[in-house]
Structures are given as C-alpha cells and as structure tokens.
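Values below: all heavy atoms of this structure, side chains included; hydrogens, waters and symmetry mates excluded. In this text the structure is predicted, and so the values were computed from the model without any measurement.
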Amino acid sequence: MAPTTRSPFRRTLALLASAAILAQAGVSGVAYAQTAPEAAAPGVATPAPPAAAQTAPAPAAPQQTPAIQSAVPGNGPASVADLAEGLLDAVVNISTSQNVKDDEGVGPAPRAPDGSPFQEFFNDFFDKKQGNKGPNHNVSSLGSGFVIDPAGYIVTNNHVIEGADDIEVNFANGSKLKAKLIGTDTKTDLSVLKVEPKAPLKAVKFGDSSEMRIGDWVMAIGNPFGFGGSVTVGIISGRGRNINAGPYDNFIQTDAAINKGNSGGPLFNMKGEVIGINTAIISPSGGSIGIGFSVPSELASGVVAQLREYGETRRGWLGVRIQPVTDDIADSLGLDTAKGALVAGVIKGGPVDDGSIKAGDVILKFDGKAVNEMRDLPRVVAESAVGKQVDVVVLRDGKEQTVKVTLGRLEDSDQAAASGGSQDGVITPDPDENNDMDQPDTGDQVQPAPDAPDQNQGQDQATPDTGTPKNVLGLSLSLLSPETRKAFGIAESVDGVVVTEVTPGSASAEKGLKPGDVIVEVAQEFMKSPDAVASKVQALKREGRRNAQLMIASANGDLRFVAVPME
C-alpha cells in the first residue's frame, strides 16, 4: 500500500480542532475519555450520556474517576469587562508631529565598502535619496492620555507631546480633535491639553493612590504600539520607587503590561478611579517584561490642578541645602536609625534665613509627614502651598524641636537656580557629588593655591603660619590666619579651623577630607582653635560616641557634613 501523506495545512487544522474540543470540554466541566473523537462533530465536545446509560456502561469503557473530575478547572478570575467598558471612551490616543530640519538627528548616509561591485549603485542611490529631501521633514509619535473633564481637559505625559508642532487627540469612537497645550511640568513629566468638543466628553476622576497596597489589582488602558484601547490587568508590585527620573520620584510599580505608546495613559483601581499615570518601563527588549512605573495620583492630581488653573506649577520652597543621613552621621548625632534630611546649609534670603532652621539640623517631619530619607523632603515641600505656614520637626543639639516655617515660592528663587542644585523645594547636593556625602568630594571645589602643602608629603613639612598645630583624627589642624587663607585660597566669609595636612590611609582621608578644608563645627559646636577640636573629640569618646560629626566648609564656603570614625 502506498504511504498516505497529509498536507501540513490539514495537519494544522486537525491540531486546532483537537484544541477546540479540549477547550469546549473544559467549559462543560467534564471530559469523557471513553468517547471516540470520530463520534463528535469537529469542535464540539460530546455531551454526557443519559443517566440510564451511565448505570450500565460497556465493559470496555473505562470508568470516570473522581481524580479526573477534581482536576477539571472551574471558573476563571472575575471579569473586568464591565469596568473596562465604562472607561474605554475616556482614554484617548495622542498623535503628534514635529517639523525637524534634515540635519537634526540624521547621521551620515551608509556607504558601500570600497572595491564592492555594487559601490557605484549603492552610493548613487543614497546620494539621490538625500538630495531629494526638502529642507525639513515631519517626525510623528504616538502616546496615550485620558479625559479628566467633560469640557475637554486631557492629561498625558510631557514626553509624549514635548516639542510637538501639532497635537491631535483620537477618541474611541473614531473622532479626532486638535489639542492645545495648557501647561506642562517637566519635573513630574505631566502635561494638560485642551480640546473643544461639540458635546460633553466621557471623563474619569482621580482616586487616592495613598490607599493602594502592594498586591491590589489595577488595570491599564492605553495605546501600545499604536493599538488603541488596549486593556491590561495586573497588580501593584511596589510603591515609592525611585528611578532617577526627577526630583519627586515616588512611582507606583505594576506588572500590568505597559509598552511603548502606553505613556500618558491611566492606571485604574477596581473602582474605575485613576490612581496612576503610566510613564516608564524597564525593558531590555523595548517590550513589557512586567516592570512598569506610574506617577501616583497623590502627586499628579495637585500638579494637574495647578496646570489647569495657572498653566504652570507653583511649588513651595524651603531654601535649605540637604544631604543624606548616613549610618555614621546618625551614630554621631545619637539617632537610633539613619533617617531624616540633614541640613547642610541655609540659602541667604530664603524662607528659613531667619534662623528657624539651621545648618546641622536634621529634619524629621514636615507638615505632619515623616521624612524617612533625604528624597522625601523635596517632594513634601513641593506639594505644599506657597505661603503656607507649616510645622517642621528637627533634631537639634540631640533634642527634637518643632519650628514654624512660612514657605516661599520655588520659581521665585534665583538662589535656587544659582546654587547648582536642583530646584526641588530644597537644594539637594550637586549631581557631581557622591550620594554619600561622607565620600570624597570631586565637585567644583576651589583647589589649594600652588604654594599650599602637598597632602602626600611628610608630616614634618613646614606649613604657613600654623600657629599651634594639632593632630586630631589624622588631621593636622591650624588656626585660620591671613597667611593660611592666602595659601589655600579660603574666602573671608569662611571661619573655623583649617586642615593643613591629612594622613594618608586615615579615617579622615577615607572620608574625603583634604588640605584647605575648614572644620566649622564638631557635633554642632563651633570650633575656634585646634585645641577646641581636640577637646571636643575627646569628650565625644568619653560619651561613648563612635563617630565625630564635622561640619566642613570648602575654600569657597560650601558646607557639608562628614562623620569621621574615632579610633
């Protein structure tokens, strides 16, 4: 007998039919193994035999066992179809176009290898292609957004519409409207648009993201890869994520699938409230791997309200320069744990230049909100209203104190822009500085004058008018004098005890101290002489402290705190 062959196409259909039979059997709740596939119509599960037939089965037919029945799946998770149906019309697709010059972002045309038989044709093709271009060309992009007011106000991400010459909003019913940019905030990557609809639009409202817990179900709707109205479901995987996107990072992390084009789309809770705005993903491939980030509504709602009302943000400003509280600094201050934001300096003319907050204070609470780490403070300050009087709890001289502060407006602060730090309600350390302020500072500090003593030279080297040199914590200290100021280029506004040499390999050297640094305070006590530094360090040792907290001024007056271990 000649062998029988089946086309791959028919074999595929057979496999699909089998899959359909199994799927239908799962829906009916019971699969009957004794029924031959040929006895059933394709794609239809064989119905259960009548009760009479079950009482007298054929001897050859195997009995259905309870174990098989218990393995049959029951109903799936609850459907979100009703919830999604009521929200889809409020989610929009946003398309933008931008007129770009040919020489912007365009690299050199590819060239064929020398000696290639196709070199002439290849190069001629690209030369003609470039020569046919006009002076400009359009670049388009797609994103998502959602309606927050039936009158036509729409929220999206700033990066979706940034630089666009034309913004068009596409609705679920197929209609399109031109949009006008009302306001944008680059720090939170949020923008508000306005369209002019002929009839009220379907809108959604913000919920309270602070009530959401890790493990709560969420639903994302957006425009991934240009496929409008796509719904994905997942849970909240994490809260308070910092992805270094801006000064107010406090992202919700979700495993609901978010892809390119979802940017600006809403993240809903199961009540249909917007608790996040999908903004970023982590993906080596460009597609979703289950790690997406959304701006929480507790941050976004206030920004959106200000953009609608003023066309800009109006954030509170405290006017302090802060740094992290490390474990060593916490120990030197007598804190049980490393928490709060350490004030490294106060901006002259700022809201707290009246002495209400001082350098060396640790801010523990702001307006009733705990400051667990340094990055918490900029966010809570920025979220506060300009001109508001707030209570600030600080640790000063080992004791907690509550001071009242009236906030200024961040945008009104020229000092903030000139400080080199980010304008985030407080002045954070320079980006070039290490995150741990105890580490060596390689920023734009004034370097010692050429005739200053070399750090790597011996301890017996003569130093300019050292007065009464003292060796403490691996530091050779001296009184500030006109000679030392000139030698190290120290500004007249700086006062304290100058470091003339640092012992290589010492704890002070490991913490980044260098000749020309000035010790202003030790444990929040002003230092007038090297003897005062030595006495204070000995007193701290007697108290059982393991670290000495030093306020260090650079030659130009920039302050930082360093906790140096005491051996």
Side-chain angles (χ1 to χ4, degrees), residues 84 87-100 137-206 219-232 245-246 254 256-268 274-281 286-288 292-295 297 300-301 303-305 307-308 311-312:
L87 301 173
L88 280 167
D89 288 344
V91 182
V92 300
N93 301 337
I94 297 175
S95 62
T96 65
S97 62
Q98 182 179 6
N99 197 20
V100 179
H137 65 280
N138 285 328
V139 175
S140 300
S141 65
L142 294 173
S144 304
F146 56 98
V147 181
I148 59 169
D149 189 316
Y153 286 95
I154 296 170
V155 175
T156 186
N157 279 143
N158 172 64
H159 75 259
V160 170
I161 54 86
E162 187 173 21
D165 298 316
D166 185 66
I167 304 173
E168 188 173 64
V169 177
N170 306 313
F171 294 87
N173 61 6
S175 62
K176 300 179 180 180
L177 290 174
K178 295 292 184 181
K180 179 177 70 172
L181 179 62
I182 298 298
T184 191
D185 178 43
T186 58
K187 292 183 175 67
T188 55
D189 195 19
L190 297 177
S191 292
V192 174
L193 308 176
K194 181 69 168 65
V195 296
E196 300 298 335
K198 295 180 180 179
L201 300 174
K202 172 70 176 179
V204 291
K205 64 179 182 178
F206 283 110
M219 180 172 67
I221 303 180
N223 181 35
F225 298 106
F227 295 102
S230 295
V231 178
T232 56
T254 179
I258 297 174
N259 288 285
K260 293 180 178 179
N262 273 107
S263 289
L267 187 69
F268 293 102
V274 179
I275 52 88
I277 301 172
N278 302 321
T279 297
I281 61 174
S288 173
F293 299 98
S294 301
V295 179
S297 62
S301 58
V303 172
V304 169
L307 292 178
R308 284 187 61 178
E312 61 181 0

Just so I know, are the side chains of Ser191 and Val160 near enough to count as touching, which here means a heavy-atom distance under 4.5 Å?
no

So among Thr279, Asn278, Thr254, which one has a side chain to side chain donor-acceptor pair (under 3.5 Å) with Ser294?
Asn278

Hey, what do you get for CG (Leu267) to CD1 (Ile221), rounding to the nearest 0.5 Å?
10.0 Å

Interatomic distance, Thr184 atom OG1 to His159 atom NE2 [nearest 0.5 angstrom]:
11.0 Å

Just wondering, are more than 12 heavy atoms of other shown residues or ligands nearer than 6.0 Å to NZ in Lys180?
no

For the atom pair CD (Glu196) and CG (Leu177), what is the distance rounded to the nearest 0.5 Å?
9.0 Å

Using side chain to side chain contact (heavy atoms under 4.5 Å, CB included), reason through Lys202 and Val147 one step at a time and then give a plain yes or no.
CA-CA 7 Å; Lys202 172 70 176 179; Val147 181; over 6 Å; no

Which pair of non-hydrogen atoms, one from Arg308 and one from Asp149, has the smallest distance, and what is that distance?
NH2-OD2, 2.9 Å

Measuring from Asn158:CG to Leu190:CG, what's the distance to the nearest 0.5 Å?
8.5 Å

Please report the closest heavy-atom contact between Asn93 and Gly228, naming both atoms and the distance.
ND2-CA, 3.4 Å

Drop me the distance from Ile277's CD1 to Ser301's OG, to the nearest 0.5 angstrom.
9.0 Å

Does Ser144 reach the main-chain N or O of Asn223 with its side chain, forming a donor-acceptor pair under 3.5 Å?
yes

Say whether, by atom type as modelled, one donor and one acceptor occur between the side chain of Asn157 and the main chain of Asp189 under 3.5 angstrom.
yes

Spatial distance of atom CD1 (Ile94) from atom CD1 (Ile154) [nearest 0.5 Å]
6.0 Å

Could you tell me which non-hydrogen atom of Ile281 sits nearest to which non-hydrogen atom of Ile258, and how far apart they are?
CG2-O, 3.3 Å

Close side-chain approach of Val274 to Phe268, heavy-atom, < 4.5 Å:
yes

Should we count NZ of Lys260 as having more than 12 external heavy atoms under 6.0 Å?
no

Determine the minimum heavy-atom distance between Ile148 and Val304, stating which atoms define it.
CD1-CG1, 3.6 Å

Taking all atoms of both residues into account, what is the closest heavy-atom pair of Phe146 and Val92, and its distance?
N-CG2, 4.1 Å

Would a distance-only check, ignoring hydrogens and angles, find a side-chain to backbone donor-acceptor pair under 3.5 Å from Lys194 to Ala151?
yes

Which heavy-atom pair separates Asp185 from Leu307 by the least distance, and what is that distance?
N-CD1, 4.3 Å

Has Phe227 got more than 12 heavy atoms of other residues, nucleotides or ligands less than 6.0 Å from its CZ?
no

